[in-house]
Amino acid sequence: MSAPDAGRATVIVAQPLSHAAFAPYGHLIAPGQQQRDINFGTTRRFDDVAHLDTEAEGGRVGVAIFRTDAHTHRAPYPVRAFERHLLGSQSFVPMGASRMLVVLAGSGAQPDASAIVAFVVEAGQGVTLKRGVWHHPLITVGAADVLVIERMAGTEDCEVVPMHAGIDVVLAEG
């Protein structure tokens with residue numbers, strides 16, 4: 001990705017989410033190959049769909065719902081900052097028919113503007129980000145509730161770096 005022209009934003013097109021494309025950043029949460037019938041054959045159960053990493057320095061699993069509204073979450077989506085969590089993974093699962101974007105910028109000492117990628121997380125999917133992966137704060141496509149599973153502890157584990165370059169994320173047309 002090249003530096004943006006003055007007054008013009010660099011545009012990152014969000015790509016569909018797949019296991020292979022997302023692997024450098026974490027794990028896709030979706031029904032997998034390993035399944036079994038439960039509840040008298042009325043339900044299929046998919047086990048081990050998320051790989052959580054939360055126990056460093058006395059952390060525990062915490063579950064929250066983040067709610068966004070439509071007027072603050074609409075395209076184009078400006079890239080404002082990146083954050084990372086060095087002590088635990090973080091999972092995001094849009095609820096209902098909601099969709100969200102995951103915008104990532106590597107896992108080095110600072111976010112890498114030349115490595116920014118974006119994925120569309122569709123209803124029925126979710127992601128778990130590995131420790132240390134730079135990611136944009138939550139972006140949803142319109143109003144949404146998102147289930148968040150993350151490390152909880154007595155001290156906060158969130159490093160934030162503001163972005164000053166003009167970078168926007170858009171959805172692919174079609």
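Worth knowing before you read on, the calculation uses all heavy atoms, side chains too, and leaves out hydrogens, waters and symmetry mates. Starting from 1, each residue takes its place in the sequence as its number.
Of the possible polar contacts, one joining the Thr68 side chain to the Ala144 backbone as a donor-acceptor pair under 3.5 Å is found. Looking at Arg151, its side chain does come within 3.5 Å of a backbone N or O of Ala56 through a donor-acceptor pair. No donor-acceptor pair closer than 3.5 Å links the side chain of His136 to the backbone N or O of Val79. The backbone N or O of Val102 sits nowhere less than 3.5 Å from a side-chain atom of His135 that would complete a donor-acceptor pair.
For the pair Ile12 and Val103, the minimum side-chain heavy-atom distance is 4.5 Å or more. In this structure, the side chains of Met95 and Ile65 come closer than 4.5 Å at one or more pairs of heavy atoms. Using a 4.5 Å cut-off on side-chain heavy atoms (C-beta onward), Arg84 and Ser107 make no contact. Side-chain contact check for Val121 versus Pro94: some heavy-atom pair is nearer than 4.5 Å. With a 4.5 Å cut-off on side-chain heavy atoms, Val117 and Tyr25 count as touching. No side-chain heavy atom of Val146 sits less than 4.5 Å from a side-chain heavy atom of Ser98.
Contact between Arg131 and Asp53 at its shortest, heavy atoms only, is NE-OD2, 2.6 Å. The heavy-atom pair separating Pro76 from Pro78 by the smallest distance is O-CD, 3.3 Å. What you find for Glu83 and Val160 is that their closest heavy atoms are CB-CG2, 4.0 Å. The minimum heavy-atom distance between Ala153 and Gly59, with the atom names listed, is CB-CA, 4.1 Å. Thr140 and His73 make their closest contact through N-ND1, 3.1 Å (heavy atoms, listed as atom of the first residue, atom of the second, distance). Between Leu17 and Gly126 the shortest heavy-atom distance is CD2-O, 4.2 Å.
Under the 4.5 Å side-chain contact rule for hydrophobic residues, Val63 and Val93 share a cluster. A continuous path of ILVMFWY side-chain contacts below 4.5 Å connects Ile167 to Val161, so both sit in one hydrophobic cluster. With hydrophobic clusters built from ILVMFWY side chains whose heavy atoms lie under 4.5 angstrom apart, Tyr77 shares a cluster with Trp134. Under a hydrophobic-cluster definition in which Ile, Leu, Val, Met, Phe, Trp and Tyr are linked whenever side-chain heavy atoms come within less than 4.5 Å, directly or via other members, Met100 and Leu28 are assigned to the same cluster. Two different hydrophobic clusters hold Val13 and Phe22 under the rule that ILVMFWY side chains link at heavy-atom gaps under 4.5 Å.
Put simply, CD on Gln125 and CD1 on Ile29 are 10.5 Å apart, with the number rounded to the nearest 0.5 Å. How far SG of Cys158 is from CD of Gln90: 7.5 Å, rounded to the nearest 0.5 Å. Atom CZ in Arg74 sits 9.5 Å away from atom CG in Asp69 (nearest 0.5 Å). Of the inter-residue distances, the one linking Leu87 atom CG with Thr155 atom OG1 reads 7.0 Å to the nearest 0.5 angstrom. We find the CZ-CD distance between Phe82 and Glu159 to be 13.5 Å, quoted to the nearest 0.5 Å. The OG atom of Ser89 sits 11.5 Å away from atom NZ of Lys130, with the distance rounded to the nearest 0.5 Å.
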List the steps, then state whether side-chain hydrogen bond (donor to acceptor under 3.5 Å, both in side chains) holds for Asn39 with Thr42. CA-CA 6 Å; Asn39 299 337; Thr42 63; 4.8 Å; no

If you apply the rule side-chain contact (heavy atoms from CB on, under 4.5 Å), what do you find for Glu57 with Asp157, and how did you get there? CA-CA 11 Å; Glu57 296 184 20; Asp157 172 35; over 6 Å; no

Where do Leu129 and Leu104 land on the side-chain contact (heavy atoms from CB on, under 4.5 Å) test, with the steps shown first? CA-CA 10 Å; Leu129 300 175; Leu104 307 156; 3.8 Å; yes

Going through the checks in order, is the side-chain contact (heavy atoms from CB on, under 4.5 Å) test met by Leu171 and Val141? CA-CA 9 Å; Leu171 299 173; Val141 180; 4.1 Å; yes

Start with the C-alpha distance between Leu101 and Val120, add both sets of side-chain angles, then the distance that settles side-chain contact (heavy atoms from CB on, under 4.5 Å), and finish with yes or no. CA-CA 5 Å; Leu101 300 177; Val120 179; 3.8 Å; yes

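Using bins of under 30°, 30° to 60° and over 60° for the plane-to-plane angle, the ring pair His27/His51 lands in the tilted bin.
The local environment of CD in Glu55 is sparse, with at most 12 non-hydrogen atoms from other residues, nucleotides or ligands closer than 6.0 Å.
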